[in-house]
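These notes concern the structure reproduced below.
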Number of protein chains: 4
Amino acid sequence: MSDKKSKAIEAATKLFAELGFEKTSMTAICKEANVSKGLVYHHFKSKESILIEIFASSTKKMLELSLIQDSSLEPQEELNELINNIFHQLDNNKLFFQLNLNLMFQPSTNALLKEKILKRADILFNSVKRIFDKVELEKSEILAYTFIAEIDGIALNYLSVFENYPLAKMKEEMINKYSSITNKK
Amino acid sequence: MSDKKSKAIEAATKLFAELGFEKTSMTAICKEANVSKGLVYHHFKSKESILIEIFASSTKKMLELSLIQDSSLEPQEELNELINNIFHQLDNNKLFFQLNLNLMFQPSTNALLKEKILKRADILFNSVKRIFDKVELEKSEILAYTFIAEIDGIALNYLSVFENYPLAKMKEEMINKYSSITNKK
Amino acid sequence: MSDKKSKAIEAATKLFAELGFEKTSMTAICKEANVSKGLVYHHFKSKESILIEIFASSTKKMLELSLIQDSSLEPQEELNELINNIFHQLDNNKLFFQLNLNLMFQPSTNALLKEKILKRADILFNSVKRIFDKVELEKSEILAYTFIAEIDGIALNYLSVFENYPLAKMKEEMINKYSSITNKK
Amino acid sequence: MSDKKSKAIEAATKLFAELGFEKTSMTAICKEANVSKGLVYHHFKSKESILIEIFASSTKKMLELSLIQDSSLEPQEELNELINNIFHQLDNNKLFFQLNLNLMFQPSTNALLKEKILKRADILFNSVKRIFDKVELEKSEILAYTFIAEIDGIALNYLSVFENYPLAKMKEEMINKYSSITNKK
DNA sequence: GATGAATGAGATTTCATTCAT
DNA sequence: GATGAATGAAATCTCATTCAT
């Protein structure tokens with residue numbers, strides 16, 4: 001990928017996260033990236049297509065983060081690592097979560113990305129469910145949905161609602177709660 | 001409040017929820033409400049001020065929904081009622097949740113409503129924490145944050161992420177989980 | 001004239017002088033005068049007609065100021081009194097001059113008041129010329145035009161161009177210059 | 001400067017002079033210049049910024065007109081040339097004076113250009129005063145203010161007040177009056 | 001006389017996108 | 001690949017004026 005194209009993506013990612021998709025103008029992206037409009041339209045068909053490319057790479061990153069490779073691990077350990085990864089990112093990469101959550105909530109962007117959002121959610125859901133499958137086969141679906149809801153809810157509250165959110169304590173609570181899961185199969 | 005003013009608010013509420021604040025034009029609001037632009041600007045200083053008025057009344061509604069009056073109830077019963085109320089609304093009034101969640105996430109609207117969002121969150125948090133205070137004084141804060149995160153996460157996933165979300169089962173799970181709380185004080 | 005009508009005129013005069021005719025909205029006039037829009041339109045056919053009424057009364061005031069009644073006075077004394085009157089007003093009633101000068105210069109208001117401006121200028125010119133007629137019949141016209149230009153130019157420079165304009169010294173200079181006129185008839 | 005940008009400035013200058021700043025709409029400027037609105041806003045941040053650019057170039061022109069370069073000239077000759085220049089312009093370039101005078105008087109435009117008006121007035125004043133300095137050092141300031149007031153007053157009366165203003169005779173009068181100045185230093 | 005809700009035309013401004021160079 | 005002038009549609013907002021009460 002050419003230097004200037006990646007600069008444009010970088011700039012767009014930053015601005016979409018900070019201002020939202022609708023409030024970010026092409027002009028602003030070009031200025032932030034120090035690139036001309038003509039060039040941006042040379043690389044991307046439209047503003048929406050920049051968003052789509054960003055969402056795709058953000059999905060890739062998110063899957064890397066969530067899919068625990070080493071399936072020989074015990075379920076508790078897998079969950080443990082997953083929680084650690086997520087909270088680490090949440091703390092160190094706020095804009096990344098910010099962007100992903102607001103793309104889902106903004107009706108216009110949600111509609112645009114509908115299919116891709118569903119697909120990504122499905123993959124994430126199954127990778128979590130697979131862990132719970134090892135423990136409680138019947139309830140694994142509900143457990144996975146609950147786990148994901150907790151994570152998303154914490155992110156939402158941390159990033160957009162409360163001030164001085166006790167993120168560290170919430171992580172501890174999550175770790176404790178999910179450490180008591182015992183392999184019942 | 002005059003008939004036409006309330007029609008304008010109604011129209012704006014609907015469109016903000018369906019399309020998002022940025023994507024809803026004044027023209028669209030006027031057309032939906034069958035009202036002239038001049039009138040809307042006679043009653044509201046700006047598009048933003050419509051949003052602020054809507055957020056205020058939505059906060060009022062949300063507090064009515066969340067604050068359990070009868071404090072003679074046992075904590076379990078209070079939580080039970082709260083969960084029932086919330087899931088009932090979530091199922092029957094999707095647009096209301098849709099709107100409130102996306103106002104919080106959209107950077108532009110979040111910035112505009114920052115103060116009011118914080119205040120509302122504080123009230124909601126304390127009304128939940130008060131219930132947990134009756135049970136586990138030390139952990140009540142974390143329990144309250146967790147409860148709120150679960151509710152928000154479920155709403156988010158139900159409304160904007162998954163298709164065929166098992167809302168009824170999630171409610172059941174919540175009811176069960178919080179019914180086992182015993183007054184330990 | 002009803003109390004509220006005169007309050008409206010007063011408010012309009014103030015705002016036209018401070019903001020200019022175009023930048024003063026009917027709404028602003030009503031707010032300043034504490035009077036409803038309906039009432040203003042009950043008394044005046046339009047915004048322009050308020051201006052016309054204001055210009056008429058301002059013309060009346062200006063003529064009272066300029067027409068020296070006592071024609072038994074010597075020309076020097078008449079000019080003296082005229083200069084004194086004008087500089088006194090210029091110092092104590094800036095908004096009055098401000099308004100009159102900008103009505104003449106603003107193309108839109110000038111066009112609207114064209115006829116009345118010409119008529120007023122004619123009267124003022126003749127009342128000044130009459131004084132010079134007593135001294136130098138042939139040059140009286142040019143002297144009158146010069147006198148008026150000097151006054152208008154000083155007002156212009158004092159009100160809209162220079163900071164710390166030496167108004168007192170300019171008055172002194174005018175008094176001196178025109179005191180040396182001798183009756184040559 | 002691109003062709004279209006300068007056409008827009010030209011159109012704006014003409015219309016501001018003829019109709020006044022407030023009464024000139026962007027639409028009118030675009031139509032007059034045969035240019036799209038988008039383009040005008042590509043080159044200028046706002047309608048006000050067009051005015052500021054016009055004022056700047058008008059200042060430049062005015063200074064070229066007023067600053068007599070050849071300082072080896074006798075004061076009388078300098079004044080002579082200055083008066084000739086000004087009256088020539090006044091007669092041949094009415095719109096230019098029209099615009100400059102009404103920008104100063106219109107409260108909105110005066111406020112916008114305040115600083116620049118003061119600066120320009122200061123330069124013009126000093127360039128006139130410098131001439132009188134050669135003749136009468138003590139009174140040079142008042143003489144300069146008087147000279148400027150006469151010029152401005154004549155322009156005002158010629159352009160916006162009287163019909164059939166005797167411009168030629170007024171020039172003659174000015175030439176005569178200032179030809180009798182003798183170097184007294 | 002008096003109110004202020006209501007209108008509709010038009011003002012300024014924004015912005016995604018195109019295109020000649 | 002690269003630029004930025006140029007467009008046109010649409011956005012937010014203003015405002016003189018009317019009218020039912």
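Keep in mind that this is a model prediction, so the values were computed, not measured. Just so it is clear: chains get the letters A, B, ... in the order the sequence lines come, proteins before strands, and each one is counted from 1.
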d([atom1], [X]; [atom2], [N]) in whole Å:
{"X": "F44(B)", "N": "dA6(E)", "atom1": "CZ", "atom2": "C1'", "value": "14 Å"}
{"X": "K7(A)", "N": "dG1(F)", "atom1": "NZ", "atom2": "P", "value": "15 Å"}
{"X": "K31(D)", "N": "dA11(E)", "atom1": "NZ", "atom2": "C1'", "value": "13 Å"}
{"X": "N34(D)", "N": "dG8(F)", "atom1": "CG", "atom2": "C1'", "value": "15 Å"}
{"X": "L51(B)", "N": "dT12(F)", "atom1": "CG", "atom2": "P", "value": "13 Å"}
{"X": "H42(A)", "N": "dA2(F)", "atom1": "NE2", "atom2": "C1'", "value": "8 Å"}

Side-chain heavy atoms of [X] within contact of [Y], under 4.5 Å:
{"X": "L51(C)", "Y": "L103(C)", "value": "yes"}
{"X": "S25(B)", "Y": "K47(B)", "value": "no"}
{"X": "P107(B)", "Y": "K23(A)", "value": "no"}
{"X": "H43(C)", "Y": "E53(C)", "value": "no"}

If you assign each of H43(B) and H43(C) to its closest nucleotide in DNA chain E, which residue comes earlier from the 5' end?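 Per heavy-atom nearest nucleotide, the more 5' residue is H43(C).
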
Between the opening five pairs and the closing five pairs of the helix from dA2(E)-dT21(F) to dT21(E)-dA2(F), how far apart are the helix axes, to 10°?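 It works out to 0° between the end axes.
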
CG-NZ distance between L63(B) and K60(B), expressed to the nearest 0.5 angstrom: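 If we round to the nearest 0.5 Å, L63(B):CG and K60(B):NZ are 10.5 Å apart.
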
T13(A) OG1 to F55(A) CZ distance, which is reported to the nearest 0.5 Å: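 The distance works out to 13.0 Å.
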
In terms of relative ring orientation, are F21(C) and F16(C) parallel, tilted or perpendicular, with 30° and 60° separating the classes?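 If you compare the ring of F21(C) with that of F16(C), the planes turn out perpendicular.
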
Within the pair K5(D) and dA6(F), is there a side-chain N or O less than 4.0 Å away from OP1 or OP2?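 Checking dA6(F) against K5(D), no side-chain N or O comes under 4.0 Å of OP1 or OP2.
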
5' to 3', nucleotides 15-21 of chain E under a 4.0 Å protein heavy-atom cut-off (B base, S sugar-phosphate only, - none) gives BSBBB--

